[in-house]
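Everything below concerns the one structure shown next.
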Amino acid sequence: MKILVCISSVPDTTSKINFTADGKSFDKNGIQFVINPYDEYALTRAVWFQEKQGASVTVLSVGDASIEPVIRKALAIGANDAIRVDLDPKDSMSTAKEIAKIAKENGYDLILAGRESIDYNGNAVPGFVAAELGYSFVNNCIGLEVDDNNATATSEIDGGKETLSFSLPAVVAGQKGLVEENDLKIPNMRGIMQARTKPLQILPASGAEAQVMTDGFEKPEPRSSVKLIDKDNVEELVRLLHEEAKVI
């Protein structure tokens with residue numbers, strides 16, 4: 001089984017986010033980048049299939065050279081090889097088209113990804129990839145088993161879970177629960193050393209045009225200070241809710 005795992009490089013959740021002076025782009029200075037956490041669940045499950053069923057695992061990311069340390073970490077976790085599409089991703093659709101093109105050319109049986117990236121939270125790329133390829137698609141996946149050409153997945157839906165059976169090839173978008181948090185793999189020294197020599201192929205973008213353009217970014221307004229009202233002063237609480245908060 002050939003597995004393609006789509007990963008993205010995102011700011012660490014502890015990073016302080018800033019934008020450039022003109023507000024046109026994200027300021028990357030001083031930011032630590034990591035594998036998108038949802039993608040890490042997908043990658044760990046793919047490596048499990050590699051260890052248990054002999055699957056081959058390729059990681060794919062769309063971005064410039066700055067994302068290569070994150071790709072190398074994925075190789076250190078256990079992926080066999082990697083592909084970087086040399087493109088600064090602007091929107092979900094053009095990114096999905098680049099992924100679909102490579103998937104079609106290489107005949108992957110299973111495409112795994114996180115349900116969304118934690119920076120833009122678009123929740124769109126995996127579905128677009130499936131649509132481009134005409135493959136079955138499972139979103140919000142919290143359990144996945146594969147037996148030859150047949151797969152069973154459990155996904156989270158409003159108010160519960162559903163179990164789906166389908167044939168490969170397919171695209172599966174995972175989330176927390178696809179593997180347990182304590183099963184997420186941390187690269188060891190042997191994996192880090194091996195990652196240095198594993199193949200990393202850099203491909204030019206196919207020229208898919210972005211459908212969305214960014215006008216600018218701005219931070220939310222800072223939160224106002226908290227006013228503490230004595231528990232017995234109900235009249236003052238009502239006045240503030242009516243005159244200042246304007247919720248009553």
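Heavy atoms only: backbone and side chains are in, while hydrogens, waters and symmetry mates are out.
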Next on the checklist: side-chain hydrogen bond (donor to acceptor under 3.5 Å, both in side chains) for S155 and N139? Distances and angles first, verdict last.
Outcome noted: CA-CA 7 Å; S155 63; N139 201 14; over 6 Å; no
Next on the checklist: Can you confirm whether the side chains of S56 and N80 place a donor and an acceptor under 3.5 Å from each other?
Outcome noted: no
Checklist entry - Between K227 and E244, is there a salt bridge with N-O shorter than 4.0 Å? => result yes
Item to check | Test: K185 and E51 ion pair at under 4.0 Å | outcome: yes
Item to check | Chi angles and distances behind the side-chain hydrogen bond (donor to acceptor under 3.5 Å, both in side chains) call for N233, D230 | outcome: CA-CA 5 Å; N233 194 355; D230 187 273; over 6 Å; no
Checklist entry - Salt-bridged, E235 to R239, with N to O below 4.0 Å? => result no
Next on the checklist: Between S15 and D12, do the side chains contain a donor N or O and an acceptor N or O under 3.5 Å apart?
Outcome noted: no
Next on the checklist: Students often mix this up, so state it plainly: with edges at 30° and 60°, are the rings of F33 and F26 parallel, tilted or perpendicular?
Outcome noted: perpendicular
Item to check | Side-chain donor or acceptor of Q211 paired with backbone N/O of E209 under 3.5 Å | outcome: yes
Checklist entry - Taking N36 for the side chain and I118 for the main chain, is one N or O donor matched with an acceptor at less than 3.5 Å? => result yes
Checklist entry - Under a 4.5 Å cut-off applied to non-hydrogen side-chain atoms, are C6 and V125 in contact? => result no
Next on the checklist: Please check this pair: side chain of Q50 against backbone of G78, looking for a donor-acceptor N/O pair closer than 3.5 Å.
Outcome noted: yes
Item to check | Under-4.0 Å salt bridge between E145 and R45 | outcome: yes
Next on the checklist: Please check this pair: side chain of K198 against backbone of L75, looking for a donor-acceptor N/O pair closer than 3.5 Å.
Outcome noted: yes
